[in-house]
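The block underneath contains the structure these notes are about, expressed in structure tokens.
If you're wondering where the values come from, they're calculated on a predicted model, not measured in any experiment. Every chain is numbered from 1, with letters handed out A, B, ... down the list of sequences.
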Number of protein chains: 4
Amino acid sequence: MKTRDKIILAALELFNESGEPNITTNHIAAHLGISPGNLYYHFRNKEEIIHSIFDQYAHDLSIHFQPLEHQQITADDLLVYLDSVFMLMWRYRFFYANLPDILQRDPELQQKYLAAQEGLHKDIMAMMASFRSGGLLDIEEEELENLATTLKLVASSWISYQTTQAPGAKITKAVLYQGVLHILGIVRPLTTAEGKAQVLQLKAHYRAQIEKEA
Amino acid sequence: MKTRDKIILAALELFNESGEPNITTNHIAAHLGISPGNLYYHFRNKEEIIHSIFDQYAHDLSIHFQPLEHQQITADDLLVYLDSVFMLMWRYRFFYANLPDILQRDPELQQKYLAAQEGLHKDIMAMMASFRSGGLLDIEEEELENLATTLKLVASSWISYQTTQAPGAKITKAVLYQGVLHILGIVRPLTTAEGKAQVLQLKAHYRAQIEKEA
Amino acid sequence: MKTRDKIILAALELFNESGEPNITTNHIAAHLGISPGNLYYHFRNKEEIIHSIFDQYAHDLSIHFQPLEHQQITADDLLVYLDSVFMLMWRYRFFYANLPDILQRDPELQQKYLAAQEGLHKDIMAMMASFRSGGLLDIEEEELENLATTLKLVASSWISYQTTQAPGAKITKAVLYQGVLHILGIVRPLTTAEGKAQVLQLKAHYRAQIEKEA
Amino acid sequence: MKTRDKIILAALELFNESGEPNITTNHIAAHLGISPGNLYYHFRNKEEIIHSIFDQYAHDLSIHFQPLEHQQITADDLLVYLDSVFMLMWRYRFFYANLPDILQRDPELQQKYLAAQEGLHKDIMAMMASFRSGGLLDIEEEELENLATTLKLVASSWISYQTTQAPGAKITKAVLYQGVLHILGIVRPLTTAEGKAQVLQLKAHYRAQIEKEA
DNA sequence: TATGAATGAGAATTCATTCAT
DNA sequence: GATGAATGAATTCTCATTCAT
């Protein structure tokens, strides 16, 4: 692996562990056993490292979320989707813990972030619309937008929220799966009978995952 | 006003404006035209200022949220409640933008925060239960908990979320009212016919508020 | 007791406990429950407090050490003398722990200190000379000076020396009595047979004191 | 010379000149014409600088004081020994002026200091025992311990004592040699005739040294 | 006499960043 | 590509001292 990539990886790891504001560029270099000068040979500044991490995140995002618009979406698709979303949030969780501060400093990152968010929003809208037209969701069309925003907001706040609730607790996969369960719980009251069955099936799946982790 | 209170106020103002990590104790002192020594005469350290701001927040909270458990809760009660919640979140918005970091540093604050959260959760649960037993909400009992958490999470993430969505936009009251509207939108699909009428009425109220602000 | 005197007393107490450089004027005021302003009403600055403590020390010294030059000095006189010396050193022990620094800052104090030292030196010289002429000490006259200096040096360094030897140990009276024993141990090899008897008697006395303290 | 060593040297110099509590890390950096940041690149904090100075002192000590236990010790050995002791005390004199305070702050240094002291004590005991068995010292065995402690105490307090005696006087080599003379004066009355001759010879040597310096 | 808020210089330390090699 | 010493502005915090009341 190239040094540049090693730096990105180490930074991500350390940021996730201790929070971006608590990790200095020297920490990153020391963690890799390279000199600070070398780090600055590959990156103009700390911001650029964060930028690169975000680019990687956006890349991961684009790989996992191919447009699903045309086809009929199944519960299995949703499962794959939720898995991916939460796994990405897990991989880049430091990001979610400091989003306002990080974005405020860096308008360019803001733009990129918004673009990514828009993609996500479209994805979710497409899925929900598909579920609705497929007779799984019993919800008025004008309420779709609101639902999509809620889901996005809950998903993207989940880790941060858990951090604030449990004093020094580590965020584990089980916590993420609980997030998925929570999201399914939001959708559940809005389903048709058929939809309810599928949601309950998904919930069972994630409950089993949580058991496995324990 | 006492200098101690002026410091709390100035800190709150500056934190809200620029984010707590970007405001130093010297900034606060300079903003007030006092010496750093004077600031440290009134507060042992920066943490204690944040602590005091939180105490004020908790105090405001306790004033606005008297237990409503015994009586039948009306839509007007909910309106008052939502108004208060969002107004408080507005007054102490820096807090919500950095919660994980702020709490991580200060275990004592964690405790206080959790206690306050518990109170909020009980309030929301009581209201939702009342709406349900009053025939306004059509939702299974075991889903109440999930709903309450969703509402709390959405409410407490709203400002932070908006900050990330709108590049450098100032958070205005209109933005807060949109948060209320969003929350009502979450509840709407779960209402009975009677409940729906009341929710729509509330939504109309808040849309009018937004118009006024514009 | 007047405030001024209370300040001197409190300062002495705190200095002895924690070392003069570690005690601020605010500590002293807080300890007495008075305001810093009040403290500075009675003393121009911290130095003046130290000065006043020294004056008290010098005063104590002058009371305890009346010139003994004319009469024949007995072992009992020596006992009284040693008791007094070590008790004074105990009362003002912070002073001995920081002497070079304290005197360096304050030339006037230097002068006073030297004057006091001179008195002490004369006292010791007089005693030793008396012991010698009384046939208790077997020592050449030109060695008297050296002996007196040694005794003074050992006495005044004793507390400081013990502090450096025993990590965090409190200086107790027993430690002081050991200092006396040490001094007697210096004199012992220089005594005549008669002198030896008296020294041994004194040593027995102080050993008993140490037992009592334990 | 490496910057790290320059810092140690400059700190030692300034500490000796003005007292450790009066020299800040900024003073040291300014004295060397380097930035405070650079100083902190080489040392974590001020304490670590003092630590390093002590390590150097301990190193010097170990070089100069090879165990002399096995052989018969001569007056020349003593001369070399005294020369070394006082030269070291001169090189690190700031240390001796603030020992109680410095050691109190830093328990690790305490340990190191005690270890060094123990070595010194053994050295002195070995020399005195050798002189005694060699028929130079006329002293009872149980008084050896007391004598060793006295010598150590007088030696280690000498500079500090002189500082308090002579107002603003610089500590010169002559002052150190007077310390040696004083120590010889303590031993003198305890010698046999043969020992006396050797002590007087040593004293003559040091008196000559003082003359040279003047 | 006494209060207690206020001052301001300066202490130790941090950290993103630069630069000669 | 890489090193690591060096920078310097900034940050938190301290404390002897002043001063209006």
Nearest-Å distance for atom pair CD1/C1', residues B/Ile50 and F/dT12:
13 Å
Is the phosphate of F/dC13 approached by B/Tyr40 (side-chain N or O, under 4.0 Å from OP1 or OP2)?
yes
d(D/Asn98 CG, C/Thr164 OG1) to nearest 0.5 Å is 12.5 Å
Rounded off to whole Å, could you give me the CG-to-C1' distance for the B/Asn38 and F/dA20 pair?
14 Å
Please tell me if D/Tyr41 has a side-chain N or O lying less than 4.0 Å from either OP1 or OP2 of F/dA5.
yes
Does any donor atom in the side chain of B/Arg93 or B/Thr163 lie under 3.5 Å from an acceptor atom in the other side chain?
no
Separation of F/dT12 C1' from B/Phe43 CZ (nearest whole Å):
16 Å
Would you mind reading off the distance between C/Lys46 atom NZ and F/dC15 atom C1', rounded to a whole angstrom?
9 Å
Is the phosphate of E/dA12 approached by D/Asn45 (side-chain N or O, under 4.0 Å from OP1 or OP2)?
no
F/dT21: pairing nucleotide in any strand, Watson-Crick or G-U under 3.5 angstrom:
E/dA2
If you compare every side-chain N and O of A/Ser35 against the phosphate oxygens of F/dG4 (OP1, OP2), does one of them come in below 4.0 Å?
no
Identity of whatever pairs with F/dA9 - Watson-Crick or G-U, under 3.5 angstrom:
E/dT14
Taking NZ from C/Lys6 and P from E/dT1, how many angstroms apart are they, rounded to a whole number?
11 Å
Would you say A/His27 places a side-chain N or O within less than 4.0 Å of OP1 or OP2 belonging to E/dC15?
no
Under 4.0 Å from OP1 or OP2 of E/dG10: is there any side-chain N or O of D/Thr24 that close?
no
Round to a whole Å and report the spacing from CG of C/Leu39 to P of F/dC19.
17 Å
Over 12 non-hydrogen atoms of neighbours within 6.0 angstrom of CZ in A/Arg105
yes
Which class fits the ring pair D/Tyr113 and D/Phe95: parallel under 30°, tilted 30 to 60°, perpendicular over 60°?
tilted
CZ of D/Arg44 versus C1' of E/dC15: gap in Å, rounded?
16 Å
Can you tell me how far C1' of F/dC13 sits from CG of C/Asn26, to the nearest Å?
14 Å
Quick one: is B/Thr25 getting a side-chain N or O under 4.0 Å of the F/dT11 phosphate, OP1 or OP2?
no
Please find the pair of heavy atoms, one from A/Ile23 and one from A/Lys46, that lie closest to each other, and give the distance.
O-NZ, 2.9 Å
Between E/dA2 and C/His42, is there an OP1 or OP2 to side-chain N/O distance shorter than 4.0 Å?
yes
Which residue, D/Thr3 or B/Glu47, contacts DNA chain F at a nucleotide closer to its 5' end, judged by nearest heavy atom?
D/Thr3
